[in-house]
Amino acid sequence: MYIALLAAALLVGTLLAVQASVNLQLNRAVGTPYGASTLQLTVAAVLLAVLAAATGSLGALQGLSDVTWWHLLGGLASPLYITSGILLIPRLGALTTVGLWVTGQMIASLVLDLGGLIGVKQVPVNALIVLGAALVLVGISVIVRSINQTAKVGPGTAVASDARPALSTQLGWLVLGVVAGGVLPVQGAVNALLRHELGAPLTVATISFVVAVIAIALVLGVLVASKKTPKPKFGTLREMPWWGWLGGACAATYVTVTFLLIPEIGAATTVAFTVAGQQLASVVIDQYGLFRLPRRPLTGARIAGVALLLIGSVLVQVAK
């Protein structure tokens with residue numbers, strides 16, 4: 001049974017990489033990343049609400065009046081994370097994007113753990129944590145250095161070629177990837193506080209995604225009104241491949257399964273295996289140009305970077 005739970009953690013980790021990749025098709029159909037994020041988050045919120053209703057968990061909403069107000073804001077991280085994937089994967093590839101997310105997750109989780117912040121139990125620094133963090137930073141550095149290598153472009157991709165600007169001009173995109181990954185542990189810590197108050201994981205997940213939908217819808221409205229992004233197109237959704245809708249289902253499944261896994265195998269093990277799943281899936285997506293993405297074949301440097309990232313991530317989680 002324990003092996004099955006570990007396999008489940010690995011599998012749901014792969015869903016994060018798949019989610020980010022298929023969302024690009026939603027973006028192409030809708031014509032704006034903010035509109036695509038709004039649709040994806042809405043799908044996830046509806047699926048979780050239906051699941052919560054089916055299991056009788058929505059009764060926990062009666063306790064909302066007694067919760068601390070900012071414990072309801074964990075969902076604000078989701079729009080940033082999802083939109084960053086739509087923006088970054090065509091530019092950097094799935095492997096690099098996921099690597100940046102993992103690096104951000106590691107940095108933010110260490111800050112929370114070492115500082116005992118937002119209700120997280122404080123963890124003393126030790127040699128394994130330092131070594132693991134160093135390996136993650138070296139690993140992502142190796143991966144990032146390889147992103148300017150020439151790649152074959154697959155059919156139907158959102159970019160016409162893999163010619164990208166020099167690495168020095170990509171700093172903003174790299175920072176976005178790290179920040180987008182960094183908000184996930186913060187979201188998890190805030191949602192954990194809300195779960196402690198409401199006692200219903202599915203209800204907490206539903207609240208988180210509803211807040212996310214409201215936030216990204218407001219951003220979309222402001223950007224459309226100020227002509228910073230085009231109005232979403234919905235007629236073209238009929239032309240999108242069926243798997244373009246899977247992003248919301250992936251997000252809802254990931255949230256539900258991780259809520260169930262953490263009490264069974266522990267938070268550190270869950271994070272370590274989901275991170276491994278993210279990396280392995282992103283390697284396959286890049287290597288074969290899945291989901292109509294450009295092919296970015298593996299090189300020795302990229303393999304070494306992924307290995308260092310995985311080893312470092314596992315060491316950090318085990319050391320906690």
Side-chain angles (χ1 to χ4, degrees), residues 9-24 27 33 37 40 77-78 80-109 132 135-147 149 151 158 164 170 173-185 187-188 246-247 250-251 253-255 258 270-299 301-314 316-317:
L10 189 71
L11 179 61
V12 296
T14 67
L15 293 183
L16 287 182
V18 172
Q19 171 200 18
S21 300
V22 300
N23 281 347
L24 293 174
N27 178 49
S37 296
Q40 196 256 53
S78 294
L80 175 59
Y81 170 76
I82 291 172
T83 306
S84 73
I86 294 173
L87 294 171
L88 292 177
I89 288 180
R91 293 172 170 83
L92 307 180
L95 178 61
T96 304
T97 300
V98 172
L100 292 169
W101 287 340
V102 170
T103 303
Q105 287 176 261
M106 185 274 298
I107 294 172
S109 64
L135 289 178
V136 168
L137 294 176
V138 172
I140 190 58
S141 297
V142 171
I143 292 172
V144 167
R145 285 175 63 88
S146 71
I147 65 177
Q149 292 180 345
R164 292 183 296 273
Q170 296 175 345
W173 299 119
L174 302 180
V175 171
L176 174 61
V178 173
V179 171
V183 298
L184 293 182
Q187 179 186 47
L246 292 180
C250 289
T253 302
Y254 173 82
V255 168
T258 51
T270 301
V271 171
F273 273 79
T274 54
V275 164
Q278 289 179 62
Q279 283 294 297
L280 294 175
S282 63
V283 165
V284 174
I285 290 169
D286 266 2
Q287 174 70 13
Y288 296 103
L290 302 182
F291 306 115
R292 299 181 179 176
L293 289 174
R295 279 194 65 211
R296 291 179 172 87
L298 282 175
T299 62
R302 289 164 73 83
I303 293 173
V306 170
L308 290 172
L309 202 66
L310 286 174
I311 294 170
S313 299
V314 171
V316 167
Q317 297 304 322

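Residue indices begin at 1 and follow the sequence shown.
- Inter-residue side-chain proximity for Leu24 and Pro90 is flagged as met; some heavy-atom pair is nearer than 4.5 Å.
- Contact check for Leu280 versus Leu10: side-chain heavy atoms found under the 4.5 Å cut-off.
- Interatomic distance, OG1 of Thr97 versus CD1 of Ile143, reported as 10.5 Å (0.5 Å rounding).
- Counting heavy atoms from C-beta on, the side chains of Ile140 and Val102 never come closer than 4.5 Å.
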Evaluate the criterion side chain to side chain contact (heavy atoms under 4.5 Å, CB included) for residue pair Cys250 and Leu16; output intermediate values, then yes/no.
-> CA-CA 7 Å; Cys250 289; Leu16 287 182; over 6 Å; no
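- In this structure the side chain of Val98 reaches within 4.5 angstrom of the side chain of Gln279, judged on heavy atoms.
- Of all heavy-atom pairs between Ala77 and Gln187, the closest is CB-CB, 3.7 Å.
- Atoms CG and CG, on Leu135 and Leu308 in that order, are 6.0 Å from each other to the nearest 0.5 Å.
- For the pair Gln40/Ile86, no side-chain contact is recorded, criterion being any heavy-atom separation below 4.5 Å from C-beta on.
- Residues Phe273 and Val314 have side chains not in contact (no heavy-atom distance under 4.5 Å, counting atoms from C-beta outward).
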Yes or no on side chain to side chain contact (heavy atoms under 4.5 Å, CB included) for Arg296 and Thr96, after CA distance, side-chain angles and deciding distance?
-> CA-CA 10 Å; Arg296 291 179 172 87; Thr96 304; over 6 Å; no
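- One finds the CG atom of Leu290 at 8.0 Å from the OG atom of Ser21 (value rounded to the nearest 0.5 Å).
- Counting all heavy atoms, side chain and backbone alike, Ser37 lies closest to Ile82 at OG-CG2, 3.7 Å.
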Residues Leu80, Leu176; criterion side chain to side chain contact (heavy atoms under 4.5 Å, CB included); working and verdict = CA-CA 9 Å; Leu80 175 59; Leu176 174 61; 3.9 Å; yes
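- The distance from atom CG of Leu298 to atom CD of Gln287, rounded to the nearest 0.5 Å, is 4.5 Å.
- To the nearest 0.5 Å, atoms CD1 (Ile89) and CD1 (Ile285) are separated by 7.0 Å.
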Run the numbers on Thr270 and Thr274 for side chain to side chain contact (heavy atoms under 4.5 Å, CB included), then give the verdict.
-> CA-CA 6 Å; Thr270 301; Thr274 54; 4.3 Å; yes
Is there a side-chain hydrogen bond (donor to acceptor under 3.5 Å, both in side chains) between Thr14 and Gln278 once you walk through the steps?
-> CA-CA 5 Å; Thr14 67; Gln278 289 179 62; over 6 Å; no
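- Considering every non-hydrogen atom in both Ala251 and Gln19, the closest pair reads CB-NE2, 3.4 Å.
- The salt bridge (charged side-chain N to carboxylate O under 4.0 Å, His left out) analysis of residues 273-288, with sequence neighbours excluded, yields the pairs Asp286-Arg302.
- Scanning for side-chain hydrogen bond (donor to acceptor under 3.5 Å, both in side chains) contacts around Ser84 gives Trp101, with sequence neighbours left out.
- Of all the heavy atoms in Leu88 and Trp173, the pair that sits closest is CD2-O, 3.4 Å.
- When all heavy atoms are compared, the tightest approach of Pro185 to Gly181 is CD-O, 3.3 Å.
- Residues satisfying the side-chain contact (heavy atoms from CB on, under 4.5 Å) test with Val136, not counting sequence neighbours, are Thr103, Met106, Leu309, Ser313.
- A distance of 5.5 Å separates CG in Leu137 from CD1 in Ile107, rounded to the nearest 0.5 Å.
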